[in-house]
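Just so you know, these numbers use all the heavy atoms, side chains as well, and skip hydrogens, waters and symmetry mates. In what follows, chains carry the letters A, B, and so on, assigned in the order in which the sequence lines appear, proteins first and then strands, with residues in each chain numbered from 1.
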Amino acid sequence: MSSASLTLTLPLIYGSLSTPLPPSTSSDYSTHQWTLYIRSYTPLSPYIKSVTFHLHPSFDRSVRVVETCEKIGDQYVFSCTSNGWGEFESLLKITYTQPTVKPTILKHTIRLYPQATTGVVGGGKSTDQRVVNEFYDEICFEGVEKEWYEEGLRLDGLTPPSLPVAPVTDASLLMLQDFEEPNDREIVGRLVRAVKFVEGEIGMVKDRILRANSELEQARKIEGINNLGSGRKV
Amino acid sequence: MSDARAILGVGPGKATATVDPVKQAMKSPTGAANAEKKLKPPRGMSREVFNLLQTQQNEIAEGLSATPLNDPSLQATTLLPTMVPSSRPKGGKVGAMGKNDKVSKWVWAPFSSTARNDGADFHHWVKAGVEYPDYPFARFNVHLDSVEYTEEEYNLYLANSEWTRSDTDLLMGLCRRLDLRWAIVHDRYTATPRRTIEQLQHRYYSVASRLTHVRLTLAQAGPIDPSNPISTLGTGSSSQSFNLSYEGERRRQLEVAWKRSKEEEQEENDLRKELKMVEAQLRKLKKAGKGEEPATNTTSDPHEAANSLFHRPLPTANLPYLQSARLENPVGVNGLSKTLIKKMELVLQELEIEERPLPTKTVVDIYDHLRKSIVTLLTLQKIASKKENLLLNKKAEMGKSGDAFERDPVVNMNQRRSGISQQGMKRKSMEGMSAQQQAQHALMQQAHTAKKLKK
């Protein structure tokens with residue numbers, strides 16, 4: 001079983017994108033239209049069979065199963081769009097094409113209003129602002145079956161016509177085209193510098209320990225001599 | 001109520017209040033009845049306390065007390081507070097003889113004691129008409145059995161290169177005569193070479209126990225010989241052998257403790273106080289860094305300890321995990337203590353690493369490495385300050401005699417550290433390395449000043 005050691009990493013971004021609705025159009029107190037999505041620059045359909053979006057129970061059809069993977073630009077997207085007036089935490093259950101692989105559950109809070117952690121697209125009036133709250137993550141599969149692993153590799157970068165990719169249905173999703181692929185160069189640099197600094201500190205502390213050790217040794221020796229000399233009990 | 005009455009000087013209690021109940025009692029044999037009406041507090045008891053007792057007593061009498069008092073005998077005993085004498089001896093002074101009591105007769109008589117065999121003549125006062133068969137205190141005249149041995153026994157079992165027969169005989173005689181009062185035995189033992197008290201003790205006890213042992217084994221082996229009594233066990237020896245070196249050391253230590261000067265005693269007390277302080281600080285630190293302790297104890301290398309804490313999730317087939325899950329800090333049974341995690345997070349913050357860096361594989365790997373390093377650093381820092389504290393203690397201990405320690409490595413160390421921190425990545429980072437470090441630093445300096453003061 002050489003395939004047991006194979007590790008597959010599936011990078012993806014999950015998040016929400018909300019657009020304020022003009023006040024007149026809302027018939028049911030909804031203030032925003034939002035889209036919950038999982039997007040990736042790696043073809044997802046070879047691995048992900050479906051994504052189940054668990055919404056707030058007050059929604060009509062609060063559990064929505066999405067089996068179609070849309071292609072927007074060079075990205076592959078599973079998404080779910082709805083109108084709403086409140087922020088809430090949703091669950092995204094990813095079911096894989098390999099039935100033996102257990103599903104993964106992501107938690108995501110849909111943001112309608114700008115916060116420190118959310119990105120804001122557009123600008124000008126606050127009613128125009130689109131709020132993006134998304135996170136990068138990687139799904140790691142350890143010991144996957146070779147065929148499954150290779151299927152992804154083979155498809156990486158090219159989209160054969162056989163691959164089920166649906167045309168984009170939601171216009172707002174087209175925005176995602178403009179989003180940049182996350183880049184870890186900057187953070188890696190900072191981390192490396194931090195590691196170097198801490199390692200330097202470790203060296204210094206080690207010096208301190210060595211110094212204290214040798215001094216202790218010396219002190220013990222002197223103490224021993226003193227004890228012999230004065231004959232005092234310790 | 002009686003309190004207020006007493007203050008105002010009115011009420012029914014007034015009539016008897018001015019009369020001393022003792023005098024009253026002396027006047028008439030029925031005085032006890034009067035005294036019961038108005039009791040006087042015993043000397044040394046404040047009036048308020050006494051009144052409390054009285055109130056309690058009244059309550060008991062009225063059956064208001066919480067304690068059930070169905071037993072009449074119990075009621076009788078609790079009616080009066082125990083510290084108030086319930087009755088007084090008739091006729092005045094306690095312990096005095098009555099008028100009609102007879103005085104017994106005592107005579108000055110000679111006596112003899114079996115404890116003395118020198119026939120000395122002594123007299124003492126005894127009650128007339130009482131005869132003792134022996135002097136009553138003669139039974140306290142108990143002597144050790146003498147350690148006696150024959151020529152043959154000595155040569156067989158007791159010969160010793162350091163002791164001659166005559167010296168041994170002299171010692172045994174003295175021990176017998178002086179009943180092992182070792183200070184006197186030592187004083188009277190005049191044979192040359194002079195021997196220390198421990199040497200005398202050692203010789204005596206080893207001879208006695210050896211003889212007992214040999215005789216016991218012989219008695220067990222052969223038929224009992226009445227001429228060779230084995231009951232010579234009352235020689236003060238025991239089955240435990242006399243530890244010459246230990247006893248010598250013990251006596252020496254006692255001597256040293258006895259001959260200490262006042263200054264030395266003061267110094268020792270100061271050191272003890274200091275030790276207590278430092279120990280308390282260490283305990284505090286230990287408490288703060290608890291949980292991390294087993295890690296440092298089980299593995300000598302802090303690197304290894306840290307390595308075992310941050311690792312990838314166990315590869316489980318068919319159970320994918322998120323890369324970001326590796327960013328979580330291992331807290332709990334196998335993980336790190338919350339305090340250590342907090343310290344680590346503080347360091348991370350100072351190094352300007354965000355809480356959730358972009359979880360790509362590279363980033364997570366480096367992030368893991370960074371966290372390991374920080375834990376290692378924190379652990380090592382703790383060890384370092386422990387060692388340095390130990391060193392300070394040691395030096396403070398040696399205090400006066402430590403002339404070889406004129407130069408002060410602690411000051412050097414501090415200078416060195418601050419120097420490096422300036423050229424380090426960021427001064428801010430160094431300062432904020434951890435609150436613990438700063439506390440340790442302060443402790444070190446405190447101990448240092450204490451030491452200087454001593455000098």
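Among all heavy-atom pairs drawn from L380(B) and I209(A), the shortest one is O-CD1, 3.5 Å. Shown here for V195(A) and H369(B), the closest heavy-atom pair between the two residues is CG1-CD2, 3.3 Å. Closest approach of R190(A) and E352(B) over heavy atoms only: NH1-O, 2.9 Å. For the residue pair E138(A) and T360(B), the shortest heavy atom distance occurs at OE2-CA, 3.1 Å. What you find for Y96(A) and P320(B) is that their closest heavy atoms are CE1-CG, 3.6 Å. The heavy-atom pair separating R356(B) from D137(A) by the smallest distance is NH2-OD2, 3.7 Å.
E355(B) CD: 12 or fewer foreign heavy atoms inside a 6.0 Å radius.
In this structure, the separation between CD on Q381(B) and CE on M204(A) is 9.0 Å, given to the nearest 0.5 Å. The line from CD of E201(A) to CG of L378(B) is 10.5 Å long, rounded to the nearest 0.5 Å. To the nearest 0.5 Å, atom CD1 of residue I187(A) and atom OG1 of residue T362(B) are 11.5 Å apart. We find the NZ-CD distance between K395(B) and E215(A) to be 5.5 Å, quoted to the nearest 0.5 Å. Between L358(B) atom CG and R185(A) atom CZ the span is 12.5 Å, to the nearest 0.5 Å. To the nearest 0.5 angstrom, L391(B) atom CG is 11.5 Å from E217(A) atom CD.
Contact annotation for I139(A): both backbone and side-chain heavy atoms come within less than 4.5 Å of a heavy atom of chain B. Only the side chain of L106(A) comes within contact range of chain B, with heavy atoms under 4.5 Å apart.
Listed options V192(A), L210(A), N213(A) were ranked by heavy-atom pairs under 4.5 angstrom with chain B; first place goes to N213(A). Among the candidates L10(A), I94(A), T104(A), the residue making the largest number of heavy-atom pairs closer than 4.5 Å to chain B is T104(A). Of the residues considered (P103(A), P11(A), C140(A), G200(A)), C140(A) shows the highest number of contacts with chain B, using heavy-atom pairs under 4.5 Å. Counting heavy-atom pairs closer than 4.5 Å to chain A, the top residue among I366(B), V364(B), L348(B) is I366(B).
Between E388(B) and R208(A) there is a salt bridge, since at least one side-chain N of the basic residue sits less than 4.0 Å from a carboxylate O of the acidic one.
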